[in-house]
Amino acid sequence: MSTLHLVRQSAFATNDFTQCLSVLDHQDTVVLMDDGCYNLKHSLMDSLLKRVDGTININIISSHAQARAIETMAKVSHIDMADVVALTFNHNKVITWQ
Amino acid sequence: MSTLHLVRQSAFATNDFTQCLSVLDHQDTVVLMDDGCYNLKHSLMDSLLKRVDGTININIISSHAQARAIETMAKVSHIDMADVVALTFNHNKVITWQ
Amino acid sequence: MTTIEQQTLASLPKGFGLAIINSKAPFSSNDGKDALDVALMFGSFEQKVSLFFQGDGVYQLIANQDGRLVSIKDYLKTFSAFEFYDIEDIYVCQQSLVNRQLNETFHINDVQVLTSIEFSKALNRHQHVLRF
Amino acid sequence: MTTIEQQTLASLPKGFGLAIINSKAPFSSNDGKDALDVALMFGSFEQKVSLFFQGDGVYQLIANQDGRLVSIKDYLKTFSAFEFYDIEDIYVCQQSLVNRQLNETFHINDVQVLTSIEFSKALNRHQHVLRF
Amino acid sequence: MKTLAVVVTTPPYSHLTITALTYVEAALVAGINVIGVFFYQDGAMHANKDISIASDEYQAIAHWQRLQQQYQLPLHICITAAEKRGITCDSIDSEQVNKAFTVSGLGELVELTTKASRLVQF
Amino acid sequence: MKTLAVVVTTPPYSHLTITALTYVEAALVAGINVIGVFFYQDGAMHANKDISIASDEYQAIAHWQRLQQQYQLPLHICITAAEKRGITCDSIDSEQVNKAFTVSGLGELVELTTKASRLVQF
């Protein structure tokens with residue numbers, strides 16, 4: 001039972017991302033979108049990247065990151081909305097953290 | 001130039017209270033109202049109570065705390081809305097953290 | 001229960017039903033009430049629905065609250081109708097309680113306090129998730 | 001400047017004008033735009049208004065953003081009109097920048113980066129405060 | 001003279017609005033000169049005559065109307081915020097605007113702020 | 001068959017709604033059977049015919065109408081959420097409801113959820 005997590009809020013402003021991380025399972029996938037893109041620079045992201053040992057897939061929506069002038073990061077894949085649709089059906093369910 | 005700070009959000013959910021504390025001056029007064037009442041149990045409150053050396057006045061609206069089943073705390077005064085009105089004019093200005 | 005009914009239940013996919021995550025405190029937003037309305041509607045259609053309380057959402061379960069003190073119609077009282085609607089799975093995140101220095105005294109019965117891993121596993125047993 | 005004008009300015013109370021604290025990121029809520037509309041209206045009435053950026057509000061100042069990539073009309077471009085409206089005092093909280101790993105490259109000039117104490121003192125110089 | 005201006009940004013169905021109302025009423029009872037309440041952002045929804053809140057819930061709009069009548073309290077809504085939220089404000093067909101509210105612009109907020117000794121936001 | 005139901009809780013003037021629209025359109029383009037979009041909470045404001053957003057801003061409502069027409073995409077608004085927000089929904093005088101939207105109740109959300117292989121909330 002894999003889950004796709006859509007993260008839409010800044011972890012610098014609210015604790016929704018913390019809640020997301022607390023239920024994150026291996027095989028799950030995270031998509032940073034809207035203000036969730038800011039989380040790339042949050043310390044929670046460092047611990048997430050360390051923790052995952054490669055099983056959790058982390059993505060960011062290119063246009064959302066670029067609009068916010070957020071630099072890319074090697075371990076995070078840049079995707080578009082068509083990819084999010086594909087991910088929706090590659091996983092068993094979707095949770096939106098907003 | 002003293003300021004009355006109206007704190008309306010839970011520090012467990014958002015970082016507004018942190019922002020409030022970062023501009024808090026001695027002579028200022030804090031009123032916990034609405035979900036701000038939950039902050040009584042937040043670790044930020046401990047450091048605030050330690051830091052103030054008695055100059056910063058901390059209050060909570062009784063009915064707002066009681067509705068939420070929040071226990072009282074000796075160092076925090078219980079007030080009502082008429083007191084908030086009085087505080088409004090005892091200070092030079094008001095900042096609402098919501 | 002007849003054999004046919006048992007088969008019907010057994011034939012349902014393993015991950016089924018709706019999980020609703022409550023993440024907001026009860027008295028400042030309408031999210032708790034809006035989530036409750038969804039839950040009761042699923043219940044009245046005899047669809048499986050489970051309630052999860054996490055983050056500030058755990059404040060919705062705490063005993064001895066009274067919205068009337070702040071002129072709010074207390075929708076929390078309706079939680080006692082869960083049994084009537086066959087809403088049986090009510091989970092609360094232990095870590096969220098601990099962070100907020102809350103003890104496990106709730107205003108409804110049969111709330112299951114779960115560790116983060118158990119909470120995550122319980123969520124995973126559902127087909128769909130909504131979060132308010 | 002004539003002597004009379006100088007006297008008028010001098011006779012204004014020390015703590016005067018409006019401080020607007022911007023606390024939200026630019027592209028997910030309308031708060032930034034709503035705060036901007038208030039600021040420009042104060043400017044057009046020749047009332048003193050200063051802008052403060054704190055928390056996620058500091059993202060409103062960062063260079064090289066482009067709302068059009070997400071179909072948002074970029075209200076940030078209007079920040080360049082501040083000079084025209086005599087909005088001269090633009091303060092940003094240094095700690096908020098540091099927390100977010102942002103450098104001090106802004107899309108407008110004359111932004112003053114302040115420590116928390118300086119930020120607090122600058123706020124204190126105003127009569128009224130609104131926060132968005 | 002203690003003068004107060006209040007800004008309300010929450011909609012009538014938000015519980016946060018109850019706090020704003022309680023505060024304004026407490027100020028009026030204390031004899032404070034509340035020179036006006038300015039409804040901005042989602043606060044503008046207060047002026048929508050068609051809003052129907054369940055009768056057993058708090059009736060924020062009715063309470064604002066009561067304060068307006070009892071204390072001649074000026075209630076201003078921001079026209080831009082209102083139109084964005086589906087309240088038609090043009091003078092001919094303003095049937096949708098609750099008569100207790102005055103349709104204003106942000107200029108009114110400037111005036112209130114300038115005149116008030118205190119400005120409080122909710 | 002890949003079936004998708006979508007819940008939208010943000011109002012038409014929120015930029016977050018643009019993301020929801022982009023997602024739904026991407027799903028339709030990919031040939032997913034989007035069985036319905038359910039507008040709940042502030043999302044219900046989409047059906048208010050009187051909403052007027054500045055012409056140079058994103059016209060979320062027009063885009064939903066376009067998707068509805070182009071793909072016969074069912075758009076449901078929750079009646080309780082709508083009435084709370086000033087949209088008169090009774091059948092006789094429903095002039096205020098944008099015709100692209102169907103006035104529904106939460107029962108519709110139950111049906112969409114039960115039928116859909118995926119439920120996504122925005």
Side-chain angles (χ1 to χ4, degrees), chain B residues 1-36 38-39 42-53 55-59 84-98, chain D residues 12-25 28-32 34-35 38 42 47-60 89 91-100 102 112-132:
Chain B
M1 292 297 288
S2 62
T3 302
L4 175 66
H5 299 269
L6 305 181
V7 177
R8 305 186 78 190
Q9 293 221 53
S10 161
F12 296 102
T14 74
N15 83 334
D16 297 70
F17 191 45
T18 306
Q19 288 173 44
C20 167
L21 295 182
S22 84
V23 301
L24 205 61
D25 207 354
H26 36 265
Q27 316 155 302
D28 284 3
T29 295
V30 173
V31 174
L32 304 176
M33 56 204 293
D34 300 307
D35 283 355
Y38 294 126
N39 299 349
H42 196 279
S43 55
L44 287 168
M45 186 58 64
D46 301 336
S47 46
L48 174 61
L49 288 169
K50 271 174 206 153
R51 173 184 138 189
V52 294
D53 49 298
T55 65
I56 295 174
N57 188 358
I58 303 169
N59 308 273
V84 180
V85 171
L87 287 168
T88 302
F89 290 92
N90 285 346
H91 293 74
N92 296 99
K93 64 169 147 298
V94 183
I95 306 182
T96 306
W97 303 88
Q98 67 186 1
Chain D
L12 281 168
K14 260 193 179 173
F16 77 114
L18 175 72
I20 298 179
I21 306 178
N22 287 281
S23 68
K24 301 287 192 310
S28 284
S29 81
N30 293 295
D31 288 291
D34 292 338
V38 172
F42 273 75
Q47 294 293 317
K48 170 153 173 71
V49 57
S50 307
L51 295 173
F52 291 76
F53 294 85
Q54 190 190 24
D56 272 10
V58 301
Y59 288 125
Q60 293 187 32
D89 297 319
Y91 305 106
V92 59
C93 169
Q94 187 172 45
Q95 190 57 53
S96 301
L97 291 171
V98 171
N99 291 346
R100 288 161 184 76
L102 296 169
Q112 297 178 58
V113 181
L114 304 182
T115 64
S116 292
I117 290 170
E118 292 165 342
F119 195 85
S120 172
K121 282 192 177 152
L123 257 181
N124 261 337
R125 287 196 293 269
H126 297 79
Q127 168 74 52
H128 299 304
V129 183
L130 288 174
R131 183 169 178 269
F132 292 97

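Letters A, B, ... are given to chains in the order of the sequence lines, protein chains preceding strands, and every chain is numbered from 1. Source: prediction; values computed, not measured.
Of the two parts of B/Asn92, only the backbone, made up of N, CA, C and O, holds a non-hydrogen atom closer than 4.5 Å to a non-hydrogen atom of chain D. Of the atoms belonging to D/Ile21, it is side-chain heavy atoms, and not backbone ones, that fall under 4.5 Å from chain B. Only the backbone of B/Thr96 has a heavy atom closer than 4.5 Å to any heavy atom of chain D.
Contact between B/Lys93 and D/Asn124 at its shortest, heavy atoms only, is NZ-O, 3.2 Å. The shortest non-hydrogen separation linking B/Gln19 to D/Ser23 is OE1-CB, 3.8 Å.
Using a 4.5 Å heavy-atom cutoff, the side chains of B/Ile95 and D/Leu123 are in contact. Residues D/Gln54 and B/Ser22 form a side-chain contact, since some pair of their non-hydrogen atoms from C-beta on lies under 4.5 Å apart.
Every pair passing salt bridge (Lys or Arg N to Asp or Glu O under 4.0 Å) that includes a residue from residues 10-33 of chain B is listed here, sequence neighbours excluded: B/Asp16-D/Arg131.
Note that the CG atom of B/Leu21 and the OG atom of D/Ser116 stand 10.5 Å from one another [nearest 0.5 Å]. The distance from atom CE of B/Met1 to atom NZ of D/Lys121, rounded to the nearest 0.5 Å, is 14.0 Å.
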